[in-house]
Number of protein chains: 2
Amino acid sequence: MTQNLDAISPDIPSDYESLKARISTLSDSMPKRLLQCARYALANPDRIALGTTAEIASAAGVQPSTLVRFAQTLGFDGFSQMQQIFQGQLVGRNSEYTERLTKIRESGTNTPGGILGNFVERSKQSLDDLLRQVDTVALERSIEALSAAENIHLLGLRRAYPVVSYLHYTLGKMGVRTNLLEYTGGILEERVQFINENDALFVATFSPYSPEVVEFASKAFGRGVSVISLTDSVLSPIARVSSTVLEVNEAEHGAFRSLSTTMCLATSIAVAVGDARKWTSLS
Amino acid sequence: MTQNLDAISPDIPSDYESLKARISTLSDSMPKRLLQCARYALANPDRIALGTTAEIASAAGVQPSTLVRFAQTLGFDGFSQMQQIFQGQLVGRNSEYTERLTKIRESGTNTPGGILGNFVERSKQSLDDLLRQVDTVALERSIEALSAAENIHLLGLRRAYPVVSYLHYTLGKMGVRTNLLEYTGGILEERVQFINENDALFVATFSPYSPEVVEFASKAFGRGVSVISLTDSVLSPIARVSSTVLEVNEAEHGAFRSLSTTMCLATSIAVAVGDARKWTSLS
DNA sequence: ATAAATTTGGAATGAATTTTCCGAATTGCT
DNA sequence: AGCAATTCGGAAAATTCATTCCAAATTTAT
């Protein structure tokens, strides 16, 4: 097998891209351990570039010899030769990046790359703002409320729906069951009655704020339910009917906003709640 | 002299900045050859990071032993220890990130604020990586395919579902109708027949890759449908059944990954496709 | 179920690399 | 200019590292 592959492609990959491509094509026919190497290499190219066989092997959970075999399977003489490709990628990266940024800036906002560059920049700014402006007290109270709740209900429509559906999934994976309130016709409001005082309602809504969501939260809040809201302004109508308000200023491009920062916050909330629940369930 | 310096500053520089600072303060009292090392090191930090003593020494016009003495003059045990600082600088290109991350770790990653700080930093890094690694050709081809498609079908389960549901919403707002394939029981596969050759299938899937999604994409691809996939590795099984592959390396916190970067890319795609469709519909 | 082929782990090998050491050369001081 | 201290070069030693090899384990084919 190996001989055949060598015969088919005797030349060695000369840059990181072709190396990735070769890994991709050969991964089908790779045995378990070599696949493990492949996965590790693609996930941690920096460590391959700088580490020794012993270090990398132990980090990847294989033998040093397997690492050498992996390199040889890809067409290299040995590990060292493959390592050079990873090193080249590491060095070229620095210069390429700035070069690429200027190129993207020049390309304006009408090319796909330009649009992406724009969003990346704004998202980074937005993430900075999040960390700077976040109300840690509100955040901690939110985590507490969600951790203490008997049941967690999630509500969000339109642009907010991906946020709550993600929370639903991630919390579920952490062993925290949640109730994702889907909007199926006009019956949403009727479900308020199934939320009781010991529960928490997590509601996400952004401008323009869906009236039905605000209305729902208002009713729940009126019933004494702990309402944690994620929104884009303290002026949001949801703020008045919430126990705790989390604010996020999302990156924009014209009229279109990303969900990048919001997702970052949502993930953090999920992990924090998962952690808190784990500790309490263990004790 | 050397003994004195050791006595004055027995601690070793722990990052590139303090290393540079020490070189600059000590360079006054350095003899010729060591100064030569200092100059070379500051001018070619990358080569110091990756080369061997023999290589570097010859490039710098000194003996390998001089290189070792140089490192020891700066307070290190030997060359290897100094090299690690240069390597660290190479990996944490914007050493800001790693620096801030360690700062965050010191303040504890178990508090909600700590978890958020962690995700914010990693997400920013992840966004940088996205811009650096994105295959602009693949991106442009994706936009073209999606713009040219008669109908756009969207598929993504579990963690990928929020991504496609967001695309569904955003593209809809831009006047691009899409068909969001929801997973309702085992009937998913039967829907392949409703996708025809002029359509495009956008499929998102992350490790562990849902077999049913891969299977679905495979069938569509087999029917000649343009399949644009968004995934987390070239080893993804979806890659083999796609016309175009977009790769995203998302930020992690332990076992949990955010969707921050993925959402940024998704938004960009939506805006780009929306733009492209607008132009063609106007002309 | 059995045999053949492939893959794997781990020790052994051999190469490469870092570090030490010491005599020679250079520099600084009187 | 002559002496002492420092610096340097280069070889030798010690260490680390990549690679090879082979027996054991696993997988595949019959």
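These numbers come from a predicted model, not from an experiment.
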Between atom [atom1] in [X] and atom [atom2] in [N], what is the gap in whole Å?
| X | N | atom1 | atom2 | result |
| --- | --- | --- | --- | --- |
| B:Q83 | C:dT17 | CD | C1' | 11 Å |
| B:L34 | D:dT7 | CG | C1' | 8 Å |
| A:Q81 | D:dC17 | CD | C1' | 17 Å |
| B:M30 | C:dT26 | CE | P | 22 Å |
| B:F70 | C:dT19 | CZ | P | 14 Å |
| A:E55 | D:dA18 | CD | C1' | 13 Å |
| A:I56 | D:dC17 | CD1 | C1' | 12 Å |
| A:Q36 | C:dT7 | CD | C1' | 13 Å |

Check: Taking atom types as modelled, is there a side-chain donor on A:S260 or B:S260 under 3.5 Å from an acceptor on the other?
Finding: yes
Item checked: Residue pair B:N249 / B:Q133, side-chain donor-acceptor N/O under 3.5 Å -> yes
Item checked: Minimum-distance pair of heavy atoms, taken over all atoms of B:L157 and B:S210 ->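 Between these two residues, the closest heavy atoms are CB-OG, 4.2 Å.
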Check: Between B:L116 and A:C264, what is the shortest heavy-atom contact and its length?
Finding: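 For B:L116 versus A:C264, the nearest heavy atoms are CD1-O, 4.5 Å.
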Notebook entry, point to check: Are B:Q72 and C:dT20 close enough that a side-chain N or O sits under 4.0 Å from OP1 or OP2?
Noted result: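 Yes, within the criterion.
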Check: Are OP1 or OP2 of C:dT19 and a side-chain N or O of B:S80 less than 4.0 angstrom apart?
Finding: yes
[X] has a side chain; which of [options] sits nearest to it?
| X | options | value |
| --- | --- | --- |
| A:V68 | D:dT20, D:dG9, C:dT19 | D:dT20 |
| B:P64 | D:dT7, D:dG9, C:dT19 | C:dT19 |
| A:Q63 | C:dG10, D:dT19, D:dG10 | C:dG10 |
| A:S65 | C:dT20, D:dC17, D:dT20 | D:dT20 |

Check: Closest nucleotide of DNA chain C for A:V62 versus for B:F79: which of these residues is on the 5' side?
Finding: A:V62
Margin query: Among B:D135, B:D128, B:D129, which residue satisfies the salt bridge (Lys or Arg N to Asp or Glu O under 4.0 Å) criterion with B:R132?
Written below: B:D129
Note to self: Please classify the nucleic acid contact of A:T66 as base, sugar-phosphate, or nothing, using heavy-atom distances under 4.0 Å.
What the structure shows: sugar-phosphate
Check: Nearest nucleotide by nearest heavy atom, which residue falls closer to the 5' end of DNA chain D, B:R69 or A:K32?
Finding: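 The 5'-side residue here is B:R69.
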